[in-house]
Amino acid sequence: QVQLVESGGGLVQPGESLRLSCIASGDTFSDYFMGWFRQAPGKEREFVGLINWRNRDSFYSTSLGGRFIISRNTANNTMYLQMSRLKLGDTAVYYCAADPQGAGSLSPDDYEYWGQGTQVTVSS
């Protein structure tokens with residue numbers, strides 16, 4: 001199976017940048033889609049973006065305005081979420097997830113493996 005660990009969250013001011021990491025261990029990611037999701041208190045877990053592990057193709061929520069970029073490094077089994085021009089509404093727990101079926105889904109229900117989450121707080 002796959003284990004995922006997020007890191008890199010913290011407290012930042014609006015307009016600043018932050019990079020999150022998701023370190024994976026276990027089985028190969030050759031046929032996986034990897035996704036980033038976020039969840040604020042009292043709200044549904046929402047899709048942020050995904051990446052095809054094999055070819056690096058990525059797709060993002062249209063609500064992000066091009067501010068977030070997903071990348072991956074196969075050498076260290078790490079996926080990154082580079083967040084720029086952060087807004088107050090970006091405050092949430094951010095989760096990485098893996099879909100071994102390779103469906104490229106935007107739904108959390110289609111991702112089998114999840115990390116523990118890392119808190120991102122954007123505040124003045």
Requested in this report: State whether the side chain of Arg67 and the backbone N or O of Arg85 hold a donor-acceptor pair below 3.5 Å, judged by distance alone.
Outcome: yes
Query raised in the report: Out of Val122, Val12, Leu86, which residue meets the side-chain contact (heavy atoms from CB on, under 4.5 Å) rule with Thr91?
Result: Val122
Query raised in the report: Is Met34 reachable from Val5 through a run of I, L, V, M, F, W or Y residues, each pair having side-chain heavy atoms under 4.5 Å apart?
Result: no
Query raised in the report: Taking the side chain as C-beta and beyond, is there a heavy-atom pair between Val120 and Arg38 under 4.5 Å?
Result: no
Query raised in the report: To the nearest 0.5 Å, what is the distance between CG (Asn77) and SG (Cys22)?
Result: 10.0 Å
Requested in this report: Indicate if Leu88 and Tyr94 have the same hydrophobic cluster label, given that clusters are the connected sets of ILVMFWY residues with side-chain heavy-atom separations under 4.5 angstrom.
Outcome: yes
Query raised in the report: Which value, rounded to the nearest 0.5 Å, describes the distance between Met79 atom CE and Trp53 atom CH2?
Result: 7.0 Å
Query - Closest non-hydrogen atom pair, Gln119 against Ala92 - result: NE2-O, 3.5 Å
Query raised in the report: Do Ile23 and Val2 sit in the same hydrophobic cluster, where Ile, Leu, Val, Met, Phe, Trp and Tyr count as joined when their side-chain heavy atoms come under 4.5 Å apart?
Result: no
Requested in this report: To the nearest 0.5 angstrom, please state how far the CG atom of Leu81 sits from the SG atom of Cys96.
Outcome: 10.0 Å
Query raised in the report: Going from CG on Leu4 to CD on Gln116, what distance comes out if it is rounded to the nearest 0.5 angstrom?
Result: 9.0 Å
Report task. Verify, without hydrogens or angle tests, whether Arg45 (side chain) and Ser107 (backbone) share a donor-acceptor contact under 3.5 angstrom. Result -> no
Query raised in the report: When rounded to the nearest 0.5 angstrom, what distance separates OG in Ser7 from CZ in Arg19?
Result: 9.0 Å
Query raised in the report: Do Tyr80 and Phe68 share a hydrophobic cluster, counting only Ile, Leu, Val, Met, Phe, Trp and Tyr and linking them when any side-chain heavy atoms are less than 4.5 Å apart?
Result: no
Report task. Considering non-hydrogen atoms only, spot the tightest contact between Phe33 and Gly104 and give its length. Result -> CD2-CA, 3.5 Å
Report summary line: All heavy atoms of Ser17 vs all of Ser84, minimum pair found to be OG-CA, 3.6 Å
**Report entry** Shortest non-hydrogen contact between Ser105 and Phe47, atoms and distance
**Finding:** O-CE1, 4.4 Å
Query raised in the report: Just by distance, do the side chain of Thr78 and the backbone of Asn76 share a donor-acceptor pair under 3.5 Å?
Result: yes
Query raised in the report: Do side-chain atoms of Glu6 reach the backbone of Thr118 as a donor and acceptor pair under 3.5 angstrom?
Result: no
Query - CD1 on Ile70 to OH on Tyr60, rounded to 0.5 Å - result: 5.0 Å
Query raised in the report: Under 30°, 30 to 60°, or over 60°: which ring-plane class applies to Tyr113 and Tyr32, parallel, tilted or perpendicular?
Result: parallel
